[in-house]
*Asks:* 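This is the structure I have questions about; it appears just below.
This chain uses plain numbering: 1 for the first residue, then up along the sequence.
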Amino acid sequence: MQTRVFRATDHIEWTTISWRLYLLSITLSFFVMIEPAPADLIFVFSIFFIFLGGDLNPNLLGPIRTVAALTLAWCVILSLVFVTTAFVIALRAVAVEIYMICIYLATIHFVKQRGDAAFNAILKALLIGATIASVLGVLAYLDLTPNREVFFRDQHMTRIKSTFKDPNVLGPFLVPAILYCVWYLVSVKRLRIFMSLALTCIALCLVFAFSRGALLHTALSLLIFTACLLKNDQTAFKTILG
């Protein structure tokens, strides 16, 4: 029996590996109680495999968005020139900004490759993360978890932060998952029980977090989202009206 040796010239699906790592990173983005967060470490490997696959589109953003992204990156780096104290902290902030730009570019890369399927998968990953964070937050609020204080903002335990560092970060993270659940319930017949339970749990966690900005964001987003659904989706129209 011969043992096959895999070489770089073999058709190894580096892009597929990168895509799966990227989705895993998005799914784990709800857990940021420790640094570096697991999602950040996984995303770095995802970027590495993107380059290893060698299938980057040189016209990824188009001229206008390329100029905008490069200008943002340059301004962020240039800001270090004006730092007079705590240079290390400022350098860390710049690294975080560059990291966020990389997430933006990677997301566009995969969506251009896979189209609507990529967009749907990303939203599902966010939904999984939001559901897990919400379940932990709601259980902590109901005093059904050990060491429940770690899921709250302060010792008074009035506002849930769940697996985040602040309720005002948790709140906006939950909004895309709420919108996705609403779309799924009015447009898809499968998994409606699960989606209903997930939506209920996420909505409760949002209320318990008491992030006024996130609550306003949710209300406005649902208003616009509903109007778009009624205008463009006949399935949603029929479901909402009975």
*Asks:* Could you report the tightest heavy-atom contact between Asn168 and Pro172, atom names first, then the distance?
*Replies:* O-CD, 3.0 Å

*Asks:* Let me confirm one number: the CH2-CE distance from Trp183 to Met195, rounded to the nearest 0.5 Å.
*Replies:*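 Interatomic distance, Trp183 CH2 to Met195 CE, rounded to 0.5 Å: 8.5 Å.
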
*Asks:* Do the non-hydrogen side-chain atoms of Val44 and Asp40 ever get within less than 4.5 Å of each other?
*Replies:*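 In short, these two side chains do not touch, never coming nearer than 4.5 Å.
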
*Asks:* Is the side chain of Ser162 donor-acceptor paired with the backbone N or O of Ala133 at a distance under 3.5 Å, no angle test?
*Replies:*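 The answer is yes, because a donor-acceptor pair under 3.5 Å joins these two groups.
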
*Asks:* Which pairs, with at least one residue in residues 118-133 and sequence neighbours excluded, count as a side chain to side chain donor-acceptor pair (under 3.5 Å)?
*Replies:*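 Checked against side chain to side chain donor-acceptor pair (under 3.5 Å) - neighbours excluded - the pairs reaching residues 118-133 are Asn120-Tyr180.
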
*Asks:* Is the number of heavy atoms from other residues, nucleotides or ligands under 6.0 Å of Ile64 CD1 greater than 12?
*Replies:* no

*Asks:* Take atom CZ of Phe225 as the centre, draw a 6.0 Å sphere, and report whether it contains more than 12 heavy atoms from other residues, nucleotides or ligands.
*Replies:* yes

*Asks:* Restricting to pairs with a member in residues 146-157, which pass side chain to side chain donor-acceptor pair (under 3.5 Å), not counting sequence neighbours?
*Replies:*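 The answer is Asp143-Arg148.
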
*Asks:* Kindly indicate, with the supporting measurements, whether the criterion side-chain contact (heavy atoms from CB on, under 4.5 Å) is fulfilled by Val207 and Leu204.
*Replies:* CA-CA 5 Å; Val207 172; Leu204 283 174; 5.6 Å; no

*Asks:* Find out whether Leu170 and Ser211 are in side-chain contact, i.e. whether some heavy atom of one side chain is under 4.5 Å from a heavy atom of the other.
*Replies:*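 With C-beta onward as the side chain, the pair stays apart.
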
*Asks:* Glu35 vs Arg92, test: salt bridge (charged side-chain N to carboxylate O under 4.0 Å, His left out). Steps then yes/no.
*Replies:* CA-CA 12 Å; Glu35 290 188 0; Arg92 178 180 178 275; 2.9 Å; yes

*Asks:* Judged by atom type as modelled, is there a donor-acceptor pair below 3.5 Å linking the side chain of Ser18 to the main-chain atoms of Ser46?
*Replies:*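 Looks like yes, one N/O pair under 3.5 Å.
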
*Asks:* How far does OG of Ser29 sit from CG of Leu126, to the nearest 0.5 angstrom?
*Replies:*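 Here the rounded value is 5.5 Å.
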
*Asks:* Around atom CD1 of Ile193, are there more than 12 heavy atoms from other residues, nucleotides or ligands closer than 6.0 Å?
*Replies:* no

*Asks:* Show the nearest heavy-atom pair for residues Cys102 and Ile47, with the distance to one decimal.
*Replies:*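 The answer is O-CD1, 4.3 Å.
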
*Asks:* Could you grab the distance from atom OG1 of Thr15 to atom CZ of Arg20, nearest 0.5 Å is fine?
*Replies:*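 Here the interatomic distance stands at 11.5 Å.
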
*Asks:* Does Lys161 reach the main-chain N or O of Ala209 with its side chain, forming a donor-acceptor pair under 3.5 Å?
*Replies:* no

*Asks:* Can you tell me which residue pairs pass the ring-ring contact (aromatic ring centres under 6.0 Å, His included) test with a partner in residues 63-109, sequence neighbours excluded?
*Replies:* Phe43-Tyr99

*Asks:* Report whether Ile108 and Val67 are members of the same hydrophobic cluster (ILVMFWY, side-chain heavy atoms less than 4.5 Å apart, transitive linking).
*Replies:* no

*Asks:* Look at the side-chain heavy atoms of Ile, Leu, Val, Met, Phe, Trp and Tyr, link any pair under 4.5 Å apart, and say whether Met100 and Val175 land in one connected group.
*Replies:* yes

*Asks:* Closest heavy-atom contact between Lys165 and Val32?
*Replies:*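 Looking at all heavy atoms of both residues, the shortest contact is CE-O, 3.2 Å.
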
*Asks:* Consider only side-chain heavy atoms of I, L, V, M, F, W and Y, link residues closer than 4.5 Å, and tell whether Phe48 and Ile26 are in one cluster.
*Replies:* yes

*Asks:* Do Phe151 and Tyr141 touch side chain to side chain, with heavy atoms closer than 4.5 Å?
*Replies:* no

*Asks:* Report the C-alpha separation of Phe30 and Phe173 in whole Å, then their side-chain angles, then the decisive distance to 0.1 Å, and conclude whether the ring pair (Phe, Tyr, Trp, His ring centres under 6.0 Å) test is met.
*Replies:* CA-CA 8 Å; Phe30 75 95; Phe173 178 81; 7.4 Å; no

*Asks:* To the nearest 0.5 Å, what is the distance between CD1 (Ile122) and CZ (Arg114)?
*Replies:* 10.0 Å

*Asks:* To the closest 0.5 Å, what do you measure between CZ (Phe208) and OG (Ser134)?
*Replies:*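 Those atoms lie 10.5 Å apart.
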
*Asks:* Do Ile202 and Leu185 share a hydrophobic cluster, counting only Ile, Leu, Val, Met, Phe, Trp and Tyr and linking them when any side-chain heavy atoms are less than 4.5 Å apart?
*Replies:* yes

*Asks:* Could you tell me which non-hydrogen atom of Val138 sits nearest to which non-hydrogen atom of Cys201, and how far apart they are?
*Replies:*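 The pair with the smallest heavy-atom distance is CG2-O, 3.8 Å.
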
*Asks:* Mind listing the closest non-hydrogen atom pair of Thr145 and Ala140 along with its distance?
*Replies:* OG1-CA, 3.4 Å

*Asks:* Over 60° means perpendicular and under 30° means parallel, so classify the ring planes of Phe110 and Tyr22, tilted if in between.
*Replies:* tilted

*Asks:* Can any side-chain N or O of Ser25 pair as donor or acceptor with the backbone N or O of Ala39 at less than 3.5 Å?
*Replies:* yes

*Asks:* Around Phe210, counting heavy atoms of other residues, nucleotides and ligands shown, do more than 12 lie under 6.0 Å from its CZ?
*Replies:*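 No - once you tally the heavy atoms of other residues, nucleotides and ligands closer than 6.0 Å, there are 12 at most.
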
*Asks:* Counting only N and O atoms by type, is there a donor-acceptor contact under 3.5 Å from the side chain of Ser187 to the main-chain atoms of Tyr184?
*Replies:* no

*Asks:* Linking I/L/V/M/F/W/Y whenever any side-chain heavy atoms sit under 4.5 Å apart, do Leu144 and Met157 land together?
*Replies:* yes

*Asks:* Can you measure from CG (Leu199) to CG (Leu127) and round to the nearest 0.5 angstrom?
*Replies:* 9.5 Å

*Asks:* Looking at every non-hydrogen atom in both residues, tell me the closest pair between Leu61 and Ala69 and how far apart they are.
*Replies:* CD1-CB, 3.9 Å

